[in-house]
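Here the structure is laid out as structure tokens; the discussion comes afterwards.
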There are 2 protein chains.
Amino acid sequence: MAKRASMSDVARVAGVSLTTASRALSGAGRVSAETRAKVIETAERLQFQPDMIARSFVTGRSFIVGVLAEHAHGRFSMPLIVGATNYLGRENIAAVTLDAHGTPRILNDYLKRLRSRRIDGLLVVGDDPNRASLVLSEDFAVPVVFASSSATPETDYVVAPDNRGAGQAAAEHLIDIGRRHIAHVTAAVHDAAVDARVTGFTEAMAAAGLPIAMGGGPLYGSYLQRWGIDAAERIIASGEPVDAIFAANDEIAIGLFATFHRHGIRVPDDIAIVGYDNRLAGVMRPDHPLSTFDPELATVGERAAQRLLSVIAGAGEPGINYVQPRFVEGRSTVGPTLSPYDVL
Amino acid sequence: MAKRASMSDVARVAGVSLTTASRALSGAGRVSAETRAKVIETAERLQFQPDMIARSFVTGRSFIVGVLAEHAHGRFSMPLIVGATNYLGRENIAAVTLDAHGTPRILNDYLKRLRSRRIDGLLVVGDDPNRASLVLSEDFAVPVVFASSSATPETDYVVAPDNRGAGQAAAEHLIDIGRRHIAHVTAAVHDAAVDARVTGFTEAMAAAGLPIAMGGGPLYGSYLQRWGIDAAERIIASGEPVDAIFAANDEIAIGLFATFHRHGIRVPDDIAIVGYDNRLAGVMRPDHPLSTFDPELATVGERAAQRLLSVIAGAGEPGINYVQPRFVEGRSTVGPTLSPYDVL
DNA sequence: TAAGGGTGTGAAATCGCTTGCGCCCAACTC
DNA sequence: GAGTTGGGCGCAAGCGATTTCACACCCTTA
């Protein structure tokens, strides 16, 4: 069984020095075209593969990055992590994935390990909580990119889904299909992602010269389906002529829909509903019952990883980089009347 | 700004040789307790962190494993990958995640890269297709563990969800709640995961001395909700006194439920339904409308990673290691009558 | 013809750690 | 008391690449 060929094997066989072989293969430095060709040919013949560990050892670049997630198994984090690590893999970068749930002491321990591996950079997946306690020491100042949904200082490198754009696009879609009495049923106030969608929605409504139904602003609640049910009841009870709703997520949207249907209010005929998340894709009937926005979280992860590699390479400016949501057109805004059996 | 302390720094400050420092810190080799204490104390004082790259360089162990997924973004793979990489991270092992969708040429290219990194082992996530083309050359024979749902040669190291056990538990649960005319609506025949669930279900029924409703065997179809609808229609049309159904996944279960409800057949009163997947957890109302089995895919990934590390360490025998599914009790088997509004 | 400049090549140092081998000395065996 | 054992420690050799410096050579140019 032949051992792996090292670069000095290549050099010896090609009849050049180790130095020349290295230069010929790396492309840097002055080597005659003739010599270079000879070395490359020899390397291929011997199936030479550079040893990345040796390379890391001498260059200081480990080709490993840390991925620090808040809740790795969460709905938000999972596609993001997979999107990121997958991109990194394609670029031949390894990842040490760590779940930061835990005490600062654990986080600190993790950072020690990452330093021990001489990681080239750090990708932080999730929202604020850990960011504050993420203190990189002087002698371990690697590039950090955040994949997150919340706002951050301008000095950070951030990639996030465009919640504001989604809110705006939702309003525009509902206006496009002729609705004029549009409400926004959203989750908790002072949640960065919620706020951004509210902002986008409000801007688009203002731009169209339309007031927001149900009191001029969004109805705040939670992300639970239960809240969608309650909100629908409240809208019905108000007697206001609401003809469209932008729901902060698909669970709320489903709650709204079920409640309207139960009261004999037709969707989308009487009230159109557009959600946000697209988490139900593939769960519900394949003919897209619900109009919604897919935040493309895997893309967010991928872009964040891409950006991290850029920063490591010394390129790119700090700031927030938004990933556009993908609109999924469904029957809740443009199709024939939905029944629960269409959603189930 | 202080540079990171190296082991020779520690040795110098502690007044011992590099050799002794190394031995004292690694715990191997003969060092007096006194000297060891002194070295360890010095290392801590200097905040010494061993350089894993240098260690890898000399030991040959990279502390990196490859994770080769079939479709990294798929429902099956995603939790598995996250479960695995997260466990690896906790054990301080980095992962190069690669998506194998592609030609054998690409796969081969990936293997070259992995070899180039001297990976310690390989975790293959997904089913058969790639396994055949996964040929490790002689000089790159690292341990391989498969995280998969299908059967494999006894010589492989495999971790998989216990589909057979799920089928068995499903039948037992339905029998437990007093049902005697139980059908099984499943997906495509000759799918390993489907077959395993069929086997478990059939065994449990036989053990209870019950015939399988609707012809003595499962009804084969697809994983789509549409098939659940069609199967329900067929069961209703048959006139057979079916009082319980084990569905191969939750989408089929939902299709069954909606169709029965439409026909005035009450669930679970008239027909109890148990599904498989638990993909709808958190999507539907929080009060668990559907009885189902959660395959605990993240755990499968975690166990597979754990097993890979064991194999790398030289321990463990080949064979399949099953992860037990978790039963999620819902109203479709034990609660009050469900209406679509409960599911939505 | 001598000085200067670019070009192709190689010798050797270096990165931080592990480990085989050998030395010294104390303790034990016969 | 001579020989044997073995514990404690250090010297030095790598591991496989990159990179600095020096050198030989050829071609200009004054």
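Residue numbering restarts at 1 for every chain, and letters A, B, ... go by the order of the sequence lines. Atom set for the values below is all heavy atoms of this structure, side chains included, hydrogens, waters and symmetry mates excluded.
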Could you give the CE-to-P distance, from B:M7 to C:dG16, as a whole number of Å?
12 Å
Looking only at D:dT18, C:dG16, C:dG8, the nucleotide nearest the A:V58 side chain is D:dT18
How long is the gap from CD on B:Q306 to CG on B:N321, to the nearest 0.5 Å?
9.0 Å
Closest to the side chain of B:S32, out of C:dG16, C:dG8, D:dG8, is D:dG8
Distance check, rounded to the nearest 0.5 Å: A:T42 atom OG1 versus A:R12 atom CZ?
11.5 Å
Please determine, for the side chain of A:R55, which listed nucleotide (C:dG10, D:dA17, D:dC9) has the closest atom?
D:dA17
How close or far is atom C1' of C:dT18 from atom CE of B:M52, stated in whole angstroms?
14 Å
B:S17 has a side chain; which of C:dG16, D:dG10, C:dG10 sits nearest to it?
D:dG10
Nearest to the side chain of A:P50, which nucleotide is it out of C:dT9, D:dA17, D:dG16?
D:dA17
Please determine whether a side-chain nitrogen or oxygen atom of A:T59 lies at a distance below 4.0 Å from atom OP1 or OP2 of D:dA17.
no
Residue pair A:T20 / A:S17, side-chain donor-acceptor N/O under 3.5 Å:
yes
Please tell me which of B:T20 and A:S8 maps to the more 5' nucleotide of DNA chain D, matching each residue to the nucleotide holding its nearest heavy atom.
B:T20
Determine the contact category for B:S26: base if any of its heavy atoms lies under 4.0 Å from a base atom, sugar-phosphate if only primed atoms, P, OP1 or OP2 are that close, otherwise nothing.
nothing
Please determine if A:E41 and A:R45 form a salt bridge, counting it only when a charged side-chain N lies under 4.0 Å from a carboxylate O.
yes
Count the heavy atoms of every other residue, nucleotide or ligand shown that sit under 6.0 Å from CD of A:E91, and state whether that count exceeds 12.
yes
No-H, no-angle donor-acceptor pair, A:R36 side chain to C:dG8 base, under 3.5 Å:
no
Expressed as a whole number of angstroms, how long is the span from B:R61:CZ to C:dT19:C1'?
17 Å
Here the distance between atom C1' of C:dT18 and atom CZ of B:F57, to the nearest Å, is 12 Å
What is the nucleic acid contact for A:T35, judged by heavy atoms within less than 4.0 Å: base, sugar-phosphate only, or nothing?
sugar-phosphate
Contact class for A:S22 vs. all strands (heavy atom < 4.0 Å): base, sugar-phosphate, or nothing?
base
Is any side-chain N or O of B:R118 under 3.5 Å from a base N or O of D:dG16, one able to act as donor and the other as acceptor?
no
For the pair made of CG in A:L25 and C1' in D:dT19, what is the distance, rounded to whole Å?
15 Å
Atom CG of B:L18 and atom P of D:dC15 are separated, to the nearest Å, by 17 Å
On the nucleotide D:dG8, are OP1 or OP2 found under 4.0 Å from the side-chain N or O atoms that B:R23 carries?
no
Using whole Å, what does the distance between atom P of nucleotide C:dT14 and atom CD1 of A:I53 come to?
23 Å
Heavy-atom closest pair (A:R115 atom, B:Q49 atom, distance to 0.1 Å) is NH2-CG, 3.4 Å
Write down the distance between CZ (A:F63) and P (D:dA17), rounded to a whole number of angstrom.
13 Å
Looking at A:T19, does any N or O in its side chain come under 4.0 Å of the phosphate oxygens OP1/OP2 on C:dG10?
no
Of all the nucleotides listed (C:dC17, D:dC9, C:dT9), which has the minimum atom distance to the side chain of B:V31?
D:dC9
